[in-house]
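Chain A is the first sequence line, chain B the second, and so forth, proteins listed ahead of strands; every chain is numbered from 1.
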Amino acid sequence: MTLASLASAATAVASEAVPRPTGWIGTTDQWAQGLGIGLALLNLIVLGVAWRRLRRGGDSRSLLAVLFYGLVVLPVVVIFFGYAQGLSGMETVRACGGCHVMTPHVADLRDPASEALAAVHFKNRYIREDQCFTCHSDYGMLGTISAKMDGVRHIIHYVTGTYTQPLKIAHPYPNVRCLACHGESQKFLTSPGHPADVRPQLMSGETSCLTCHAPAHTPKEAKR
Amino acid sequence: MKALRVAIVLAAIGLVLTIWLLVQVKWYNFLAFMLVAQPLLLLALVIFAAMLVKHLRQRGVL
């Protein structure tokens, strides 16, 4: 591949990218990430200063003050940023596809030719970001906590190899996750597929949305 | 003073693991942050607190 073709490919990708709004200075996540890294590096410098003072000896009061910042104040702030970055980072599609066993699900999600429900949501940008997490967590604070706990369980199963293939969803997919977005939309309310006499069954979860809208995913076989 | 040096080393390891997480979030470095970095930073803090109490007792403040 020549340099010219590489340059034209880069230009093509750049021209398809959505332009940033005027005055763009990055996202909150990017700022939190930068600030977190900066504070962690500052903390390491403070610890370095404390180490040197320990070696030299001398005034214990000033040494304790430096250590107070290096071992108490700054680590608390750095841990906060670590948590914030870690928890939001684990919601991304990339994080979900980080385990080899999930790679086929993510590949199917990203495949424009796939007609699986998840892929249709992804390619049409029905959900803007964190698509796996958005559909696989309930709404509200407890939903988020429950999804995080599920994520930890998934990691334990992955690391220990205690899972069977093909992967199956642990519990039947609840309709509320679909209805939270679609439930009050005109497309849902006026669709001939959702007549008024069927809607109560959909709302109560008696009839699953996936009865008609399956399959949610069409992954190829995964590697362990 | 040796205990304080240990606390500094433990905190430094914890911070390096946290920087690794902050640079790019992956399941394994998030796990390392949760299970290794945080306990190390906490242990460093406990050692420092113990040394601080000892220091204050020696000076008759406590």
Selection from [options] maximising heavy-atom pairs under 4.5 Å formed with chain B:
{"options": "C96(A), G89(A), G82(A)", "answer": "G82(A)"}
{"options": "L63(A), L41(A), L64(A)", "answer": "L64(A)"}
{"options": "L67(A), V78(A), V159(A), L74(A)", "answer": "L67(A)"}

For the residue pair F33(B) and Y83(A), categorise the inter-ring angle as parallel (less than 30°), tilted (30 to 60°) or perpendicular (more than 60°). perpendicular
Rounded to the nearest 0.5 Å, how far apart are [atom1] of [X] and [atom2] of [Y]?
{"X": "Q58(B)", "Y": "S60(A)", "atom1": "CD", "atom2": "OG", "value": "9.0 Å"}
{"X": "L54(A)", "Y": "K2(B)", "atom1": "CG", "atom2": "NZ", "value": "13.5 Å"}
{"X": "L21(B)", "Y": "I37(A)", "atom1": "CG", "atom2": "CD1", "value": "9.5 Å"}

Closest non-hydrogen atoms of L22(B) and Q85(A), given as atom of the first, atom of the second and distance, are CD2-CB, 3.7 Å
Heavy atoms only: give me the nearest A11(B)-L47(A) pair and the separation to one decimal. CB-CD1, 3.8 Å
Side chains of L44(A) and I19(B): does their closest heavy-atom pair fall under 4.5 Å? yes
Using side-chain heavy atoms (C-beta onward) and a distance below 4.5 Å, is I79(A) in contact with L41(B)? yes
Decide side chain to side chain contact (heavy atoms under 4.5 Å, CB included) for F30(B) and L87(A); before the verdict, give the C-alpha distance in whole Å, the side-chain angles of both, and the deciding distance to 0.1 Å. CA-CA 8 Å; F30(B) 186 60; L87(A) 289 176; 3.7 Å; yes
Is it the backbone or the side chain of R94(A) that comes under 4.5 Å from a heavy atom of chain B, or both, or neither? side chain
Please flag which part of L39(A) lies under 4.5 Å from any non-hydrogen atom of chain B: side chain, backbone, both or neither. neither
Would N43(A) and T18(B) count as a side chain to side chain contact (heavy atoms under 4.5 Å, CB included) if you check the C-alpha gap in whole Å, the side-chain angles of each, and the deciding distance to 0.1 Å? CA-CA 11 Å; N43(A) 199 345; T18(B) 309; over 6 Å; no
Heavy-atom count check: over 12 atoms from other residues, nucleotides or ligands less than 6.0 Å from Y139(A) OH? yes
Crowded around F68(A) CZ? As in, over 12 foreign heavy atoms under 6.0 Å? no
Cut-off 4.5 Å, heavy atoms of chain A, and the answer for M34(B) is side chain
Give, as side chain, backbone, both or neither, the part of L31(B) having an atom under 4.5 angstrom from any heavy atom of chain A. side chain
I'd like to know whether L45(B) forms a side chain to side chain contact (heavy atoms under 4.5 Å, CB included) with L71(A), so could you lay out the CA-CA distance, the side-chain angles of the two residues, the decisive distance to 0.1 Å, and finally the verdict. CA-CA 6 Å; L45(B) 190 146; L71(A) 294 175; 5.6 Å; no
